[in-house]
Amino acid sequence: MPAKLDHIIIIDIEATCWEKNPPPHQESEIIEIGICTFDIASAKPLTKDSILVQPERSQVSEFCTQITTLTQTQVDQGIPFRDACAILQDKYLSQKRVWASYGEYDKNQFQKQCQSRHIPYPFSSNHLNIKTLFAIVQALPKATGMAGALEILNLPLEGTHHRGGDDAWNIARIFSHIILTARN
């Protein structure tokens, strides 16, 4: 079935993390899914959303809180990962639309977590890596992080860096530049 090409779903996840290796019997897992719907016709971000996800196999470390601002108490009030995947499919039609992220980490983490929990992958196979696209369009010698890309474009970072909804929105702003450059 061909992908719906009205909107692209831009995803940015935050996951449990540690300064070094995870503690015994813990693994990195998604604790926030940031979503930005991007209108293809206008090349503009439309909406942003954030889904907090309860971790099942890890705890939010102090290091993770410093980076993301998310606390264990906050993510404990989130929803199970399976339910978050269902929202992506039902509300955002994630299996029918092209989706994008800044790099491959988000895609790989979703694949790994879905597989380990026997949950169907919520996205289509139509994935765009905006980090690579940006590096190509800008003729950079190597890819740069999201904040670096915004700096190159002289765009201020909006919201809180390393929060899913805000990062997805900022990634959509970068993608908007890529699309508008390609159209001109």
Side-chain angles (χ1 to χ4, degrees), residues 8-37 47-95 97 99-132 143-150 157-172 174-175:
I8 290 175
I9 306 163
I10 297 177
I11 299 292
D12 182 80
I13 63 166
E14 303 305 326
T16 51
C17 56
W18 301 268
E19 199 161 8
K20 296 190 176 159
N21 295 325
H25 311 294
Q26 291 195 43
E27 63 186 57
S28 183
E29 59 186 324
I30 296 168
I31 53 174
E32 183 182 28
I33 304 168
I35 307 144
C36 180
T37 54
T47 63
K48 76 174 174 178
D49 195 6
S50 171
I51 302 170
L52 290 182
V53 179
Q54 298 167 347
E56 300 169 8
R57 302 177 183 177
S58 65
Q59 296 289 309
V60 175
S61 69
E62 187 177 314
F63 175 77
C64 188
T65 297
Q66 289 172 2
I67 291 175
T68 67
T69 74
L70 291 168
T71 64
Q72 185 68 45
T73 302
Q74 287 174 297
V75 298
D76 283 345
Q77 295 171 16
I79 62 175
F81 179 67
R82 179 179 296 279
D83 294 350
C85 288
I87 289 171
L88 290 169
Q89 292 173 24
D90 298 341
K91 183 176 179 181
Y92 295 98
L93 305 177
S94 60
Q95 290 184 323
R97 288 198 166 108
W99 73 286
S101 61
Y102 202 81
E104 296 289 321
Y105 173 79
D106 304 78
K107 179 176 120 179
N108 293 339
Q109 183 64 32
F110 258 102
Q111 288 173 336
K112 179 177 137 188
Q113 196 160 326
C114 286
Q115 184 176 21
S116 75
R117 287 158 178 77
H118 307 289
I119 295 171
Y121 187 62
F123 298 106
S124 76
S125 60
N126 296 305
H127 175 257
L128 297 175
N129 180 332
I130 294 174
K131 184 177 189 176
T132 300
T144 185
M146 182 201 74
L150 290 170
L157 192 145
E158 293 181 8
T160 302
H161 193 21
H162 298 300
R163 282 304 304 266
D166 291 340
D167 282 357
W169 181 264
N170 283 301
I171 294 163
I174 294 165
F175 190 57

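All values below come from the heavy atoms of this structure, side chains included, with hydrogens, waters and symmetry mates left out. Values in this document were obtained by computation on a predicted structure and should not be read as measured data.
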Minimum heavy-atom separation for Ala149 to Thr144, with atom names?
-> N-CG2, 3.7 Å
Between Gln109 and Ala15, is there a donor-acceptor pair closer than 3.5 Å when you use the side chain of the first and the backbone of the second?
-> no
Say whether Asp166 and His161, considering side chains only, have a donor N or O and an acceptor N or O under 3.5 Å apart.
-> no
Closest non-hydrogen atom pair between Tyr92 and Ile9, with its separation | O-CD1, 3.0 Å
Does Ser94 use its side chain to pair, donor to acceptor, with the backbone of Pro122 at less than 3.5 Å?
-> yes
Pairwise side-chain contact, Ile11 with Leu88, heavy-atom cut-off 4.5 Å (strictly under) = yes
Backbone N or O of Val60 within a donor-acceptor pair of the Thr16 side chain at under 3.5 Å?
-> no
Can you pull the salt bridge (Lys or Arg N to Asp or Glu O under 4.0 Å) pairs that have at least one residue in residues 106-125, sequence neighbours excluded?
-> Glu27-Arg117, Glu29-Arg117, Glu56-Arg117, Glu104-Lys107
State which residues pass side-chain contact (heavy atoms from CB on, under 4.5 Å) with Ala86; sequence neighbours excluded, sorted by chain then number.
-> Asp90
Could you go step by step and tell me if Ile87 and Ile33 meet the side chain to side chain contact (heavy atoms under 4.5 Å, CB included) rule?
-> CA-CA 11 Å; Ile87 289 171; Ile33 304 168; over 6 Å; no
Measure from the side-chain N and O atoms of Ser61 to the backbone N and O of Cys17, and report whether any donor-acceptor pair falls under 3.5 Å.
-> yes
Under 3.5 Å, side chain of Thr68 to main-chain N/O of Arg163, donor-acceptor pair present?
-> no
Starting from the C-alpha separation in whole Å, work towards a yes-or-no answer on side-chain hydrogen bond (donor to acceptor under 3.5 Å, both in side chains) for His162 and Thr69.
-> CA-CA 8 Å; His162 298 300; Thr69 74; over 6 Å; no
Sidechain-backbone polar pair: Thr37 side chain, Thr47 backbone, donor-acceptor under 3.5 Å | yes
May I have the list of side-chain donor-acceptor pairs in residues 74-84 shorter than 3.5 Å, sequence neighbours left out?
unit_1, atom_1, unit_2, atom_2, d
Gln74, OE1, Thr71, N, 2.8
Gln74, OE1, Thr71, OG1, 3.3
Asp76, OD1, Gln72, NE2, 2.8

Does Cys36 offer a backbone N or O that forms a donor-acceptor pair with the side chain of Trp169 under 3.5 Å?
-> no
